[in-house]
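In what follows, a structure is listed as structure tokens, so that the remarks can point back to it.
Computation of the quantities below employed the complete heavy-atom set of this structure, encompassing side-chain atoms and omitting hydrogens, waters and symmetry-equivalent molecules.
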Amino acid sequence: MRSHYCTDLGEQNIGEVVQLCGWCNTYRDHGGVVFIDLRDRSGLIQLVFDPRDYQEAHKIASEVRDEYVLIVKGKVRKRGEGLENPKLKTGKIEVLVESLVVENKSLTPPIAVGDESVGEDVRLKYRYLDLRNPRLQEIFIMRSKVAQATRNTLSDLGFLEVETPILTKATPEGARDYLVPSRVHHGEFYALPQSPQLFKQLLMVSGFDRYFQIAKCFRDEDLRLDRQPEFTQIDLEMSFCNEDDVMEVAEEVLHSIFNACGITISTPFERYSYKEVMESYGSDKPDLRFDLPLVEVGDLFVDSSNEIFASLAKDSKKNRFKALCVKGGDTFFSRKTLGEAEEFVRKFGAKGLAYIQIKEEGIKGPLVKFISEANLKILLERVGASVGDIIFFGAGEKKVVWDYMGRLRQKIAQDMGLIDSSAYKFLWVVDFPMFERNDDGSISALHHPFTMPSNLEVKDLEEINSVAYDVVLNGFEIGGGSIRIHKQEIQSRVFELLGISKEEAQDKFSFLLEALQFGAPPHGGLAFGLDRIIMLLSKAHSIRDVIAFPKTQKATCPLTEAPSVASEEQLRELHIRVRETKK
């Protein structure tokens, strides 16, 4: 139906007769001459309907309204002197229309295309209209380019694209599974995959050597700006490799993805240990577009006159005493903003927020009286403080201190405008602990239980590391992976340490444990969060902007009204009875 997309046209097409299709973006009647901005996926072009040239086309055009579907035929011409529109790619030309077909009319749209002031619930209810927004269309054009670049790069590197099951078996991978009842197996359930983890390991046992998949995954967890119940990941696995091999492939994929979007990135990425980033930034996914490191100063408070500080400082294995020096912060932080900062960290477990101000007339702040003059001098040198700075302190149980001081670091950078929004700062985080202790004292796998431990012989479980690696961009984890356990006896030992009995291991993982006994090669892999990468590339407001039909933060779809109630007949076929619960 068309000879060109709108923005394919330019001054080189002047004099040509073209046929275009799209939607009426705007309509204007200027003294009898009608102007319509036609919109298609590529962008806008101005149409002109002049009754002196083509009376019938002008008559039909006078009936057109926003979002009518139009097919037009006309001649490309140069815009009049002084009438060019530099905001449009086609701003130097227009099309004088000789014939117009209104292919379909439109009701008055409940939302104007591109109006992002409308509430998100309304925009998601009419998502098919919301997606006509040129900004969102650009995001999905970018997403398509990224998927294509991924496939091309991995195919060139010898990876085979293989699809793995969506209906599978529930396995403990850190989040709740979505369960699907079986109609033919009474009382039994499938689970939607949180990742293709076990299947891609089995493909390595099968001798496929290099696998990848752009895979749909599902997790029934609380939602945030960067999370959805169903999401897409770029999943890859390779045999006879070590972590350096996997990271090299991952960097090549990311290089091609960003290059497809016109962005050049430098490789290899810097590497930091888990311990380094937690101690220096309070997060295992730090934003390194700005400095602001956390500095340990507990040794300077061991002999503090404050018994609580001294007690915390003496137990250096359990506790942390962190200082955060903010250059020029004394002039930025007022009494009000200091109170707001304290209120902020209290939400994440802090008992308070001590500070020291470095002023021309001397050092002030509630913490000064609790540290000796000699130790105060060492402290200032250690954090690199000078006049005009302010130093914040966090003390207590290490995980809590890491968390709220890391969050404070990020908040201060945002509030003070320290973040270069145009920068892309990648890093690898390596040498993760294999296990972490939960609040109830139990042990769980920090990543997943199929990760190869690097020092399993260590008696203290919290000192065992894994051969795992995460790639971080601008404070977001965009991918993670590990070298996998490929020996049955090591996998069984890890299950044992996690408190998974032999019976439970056989019940949930018998197929994996058996497969590992049939010549499983050493292997490892990684998965990128495709949605999260697109969100960062496009600088979208949330991850929902980069998914065609996303769920709300309550995991609902306003467009289709999912989830919905099943009929009695459907429930009977599935042998399910819904029990009412008291609210």
Note to self: Per the ring-ring contact (aromatic ring centres under 6.0 Å, His included) rule, what does the pair list look like for residues 243-266, sequence neighbours excluded?
What the structure shows: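 Listed once each, the pairs are F258-Y424, F258-F426.
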Check: How would you list all residue pairs meeting ring-ring contact (aromatic ring centres under 6.0 Å, His included) that involve residues 132-163, not counting sequence neighbours?
Finding: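 Found none.
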Taking only Lys NZ, Arg NE, NH1 and NH2, and the carboxylate oxygens of Asp or Glu, determine whether [X] and [Y] approach each other closer than 4.0 Å.
{"X": "K125", "Y": "D130", "value": "no"}
{"X": "K502", "Y": "E496", "value": "no"}
{"X": "R407", "Y": "D403", "value": "yes"}
{"X": "E270", "Y": "K425", "value": "yes"}
{"X": "D244", "Y": "R271", "value": "yes"}
{"X": "E504", "Y": "K508", "value": "yes"}
{"X": "K216", "Y": "E163", "value": "no"}

Note to self: How close do C261 and M142 get, counting heavy atoms only, and between which atoms?
What the structure shows: SG-CG, 3.6 Å
Heavy-atom side-chain proximity of [X] to [Y] below 4.5 angstrom:
{"X": "Y272", "Y": "V472", "result": "no"}
{"X": "L254", "Y": "I478", "result": "yes"}
{"X": "I543", "Y": "R227", "result": "no"}
{"X": "V430", "Y": "Y469", "result": "yes"}
{"X": "K200", "Y": "T164", "result": "no"}
{"X": "F549", "Y": "T560", "result": "no"}
{"X": "E237", "Y": "F208", "result": "no"}
{"X": "V277", "Y": "S283", "result": "no"}

Notebook entry, point to check: Would you say the side-chain atoms of Q410 pair up with the backbone N or O of G406, donor to acceptor, closer than 3.5 Å?
Noted result: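 No, because the side chain of Q410 does not come within donor-acceptor range (under 3.5 Å) of the backbone of G406.
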Note to self: Please check: side-chain N/O of K539 versus main-chain N/O of S421, any donor-acceptor pairing under 3.5 Å?
What the structure shows: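 Pair found, side chain donor or acceptor close to backbone of S421.
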Check the side chains of [Y] and [X] for a donor-acceptor pair under 3.5 angstrom, ignoring hydrogens and angles.
{"X": "E116", "Y": "N133", "answer": "yes"}
{"X": "D287", "Y": "Y281", "answer": "no"}
{"X": "T451", "Y": "S466", "answer": "no"}
{"X": "S195", "Y": "Q233", "answer": "no"}

Item checked: For H447, the option from F432, F435, Y274 that meets ring-ring contact (aromatic ring centres under 6.0 Å, His included) -> F432
